[in-house]
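Accompanying notes for the structure given below.
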Amino acid sequence: MSYELKELDPTKCKYSFRLGKFDCYELRKGVCSLYLSEDEAERISIEEGNEFHDSNVMSCRELAKSLLNDNYFENPSFQESVFSIKMHPRDCGHFVFSDGQHRTCIAKHLNINSMYANIENYPRDYSLICRACYSKQKKEIENRKIINRMISKLKWKKVKEKEIPSDLIDEEYMNFKEK
């Protein structure tokens, strides 16, 4: 796989993060830990302990401090090391990751306007979309199927009630003049 080192603005890119409630404090609690005050984070850290690993309240906060102290986002040489960010563009407009999604998420949350990343530079003759867009498309198709089934059932009942049997009919299907 071929990568090209590029400078990009993480606040203007769209990403498909593959994170769950055990990887991300925000997904577990509803607010990014980077938006908490130092006192709030400390209190939560004491209450919860270290049982949540990457989704621990201090995890991204400590990583962010380390990255900022090392000028990680401003120094392209970090992308030549084990700590490189590897992104893969998708035709839906999102980037997916083989490495660096937490670092990129931190950059976006902190409104960092410039960072370096290794972007996949591999020509394809087919279209690829990210898993998030694939899931949305799949859900839309499923919703359309359900709606179509409901409409079909409503039409079927409607047609069934008005349908005239071919051989035997009773008065309900006929319009007689009243005397």
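Values below: all heavy atoms of this structure, side chains included; hydrogens, waters and symmetry mates excluded. The chain is numbered in sequence order, starting from 1. Here the structure is a predicted model, which means the values were calculated and not measured.
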Asp91 and Ser127: side-chain donor and acceptor closer than 3.5 Å?
yes
Between CG of Asn56 and CZ of Arg61, what distance do you get to the nearest 0.5 Å?
11.0 Å
Among residues at least two apart in sequence or on other chains, which ones pass side-chain hydrogen bond (donor to acceptor under 3.5 Å, both in side chains) with Asn121?
Glu4
Quick one: do Tyr72 and Phe78 satisfy ring pair (Phe, Tyr, Trp, His ring centres under 6.0 Å)? Show the steps, please.
CA-CA 7 Å; Tyr72 177 86; Phe78 279 108; 5.1 Å; yes
Residues Glu26, Lys21: salt bridge by 4.0 Å N-O rule
no
Same cluster or not: are Phe83 and Leu110 linked, directly or through other Ile, Leu, Val, Met, Phe, Trp or Tyr residues, by side-chain heavy atoms under 4.5 angstrom apart?
yes
Looking at side-chain heavy atoms only, is the closest gap between Pro89 and Glu120 below 4.5 Å?
yes
Evaluate the side-chain proximity of Met58 to Glu42: yes if any heavy-atom separation is below 4.5 Å, no if none is.
yes
Do Ser114 and Asp9 have side chains that get closer than 4.5 Å, going by heavy atoms?
no
Could you check whether Arg43 pairs with Glu47 (Lys NZ or Arg NE/NH1/NH2 to Asp/Glu carboxylate O, under 4.0 Å)?
yes
side-chain hydrogen bond (donor to acceptor under 3.5 Å, both in side chains) against Ser81, all qualifying residues, sequence neighbours excluded
none
Tested for side-chain hydrogen bond (donor to acceptor under 3.5 Å, both in side chains) against Ser55, the lone hit among Glu48, Arg28, Lys29 is Arg28
For Ser37 and Glu40, test the side chains for any donor-to-acceptor distance below 3.5 angstrom and give the result as yes or no.
yes
Do you know the tightest heavy-atom contact between Thr11 and Asn111?
CG2-CA, 3.7 Å
Are His88 and Tyr3 an aromatic pair, judged by ring center distance below 6.0 Å?
yes
